[in-house]
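Structure first, then comments.
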Amino acid sequence: MVKADIINKIISEAEIEKKYIVSGVNNIIEIMRETLKTGEKIELRGFGVFKVVAKKTGIGRNLQNNTPLELKEGKRIKFKSGKNLKKI
């Protein structure tokens, strides 16, 4: 499912004009993006939690040619599913 599918699903279930739904979905995504950029976690009860965690640094290995590879410092987004989502 992509963003357009989500928008179409909401349109089919709600009596709201498409332009309002598109704007709402885009606003939610932008708010989530900005919140994660600041390092805050996003908790959607029953669905799950998104949080920013530090990537591991050190020495890894390139599996194609078996040479050492430096793992650079950085951040990634981690998702932990909620109870309601785990029941699926």
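Position 1 is the first residue of the sequence, and the numbers go up from there.
In this structure, Glu73 places its CD atom where only 12 or fewer heavy-atom neighbours from other residues, nucleotides or ligands lie under 6.0 Å away.
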What's the verdict on side chain to side chain contact (heavy atoms under 4.5 Å, CB included) for Lys51 and Ile42, showing C-alpha distance, side-chain angles and the deciding distance?
-> CA-CA 6 Å; Lys51 65 181 179 177; Ile42 300 172; over 6 Å; no
Checking side chain to side chain contact (heavy atoms under 4.5 Å, CB included) for the pair Thr67/Arg61: CA distance, chi angles, key distance, verdict?
-> CA-CA 6 Å; Thr67 58; Arg61 187 150 301 277; 5.5 Å; no
Side chain to side chain contact (heavy atoms under 4.5 Å, CB included) evaluation trace for Val52 with Arg76 | CA-CA 6 Å; Val52 179; Arg76 68 181 184 92; over 6 Å; no
Show your reasoning for whether side chain to side chain contact (heavy atoms under 4.5 Å, CB included) applies to Val53 and Lys75.
-> CA-CA 6 Å; Val53 295; Lys75 297 178 182 177; over 6 Å; no
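Taking a cutoff of 4.0 Å between a charged side-chain nitrogen and a carboxylate oxygen, Lys72 and Glu70 do not qualify as a salt bridge.
Thr35 and Lys41 make their closest contact through CG2-O, 4.4 Å (heavy atoms, listed as atom of the first residue, atom of the second, distance). Summarising the geometry of Pro68 relative to Ile59, their closest heavy-atom pair is CB-CG2, 4.1 Å, with the distance given to 0.1 Å.
In this structure Tyr20 satisfies the side chain to side chain contact (heavy atoms under 4.5 Å, CB included) test together with Ile16, Glu17, sequence neighbours excluded.
Placement of Met1 and Leu85 in two distinct hydrophobic clusters is found when ILVMFWY residues are connected by side-chain heavy-atom separations under 4.5 Å, directly or transitively. Cluster annotation: Leu44 is connected to Ile77 through the hydrophobic network of ILVMFWY side chains, with a link wherever side-chain heavy atoms come within less than 4.5 Å. With hydrophobic clusters built from ILVMFWY side chains whose heavy atoms lie under 4.5 angstrom apart, Ile28 does not share a cluster with Ile7. By the criterion of side-chain heavy atoms lying less than 4.5 angstrom apart, applied directly or through intervening Ile, Leu, Val, Met, Phe, Trp or Tyr residues, Ile29 is grouped together with Ile11 in one hydrophobic cluster.
To the nearest 0.5 angstrom, Glu40 atom CD is 12.5 Å from Met32 atom CE.
Side-chain contact of Lys18 with Asn8: a donor-acceptor pair under 3.5 Å is absent, judged by distance alone.
The ring pair (Phe, Tyr, Trp, His ring centres under 6.0 Å) analysis of residues 60-88, with sequence neighbours excluded, yields the pairs Phe47-Phe79, Phe50-Phe79.
Formation of a donor-acceptor pair under 3.5 Å by the Asp5 side chain with backbone atoms of Val2 is found in this model.
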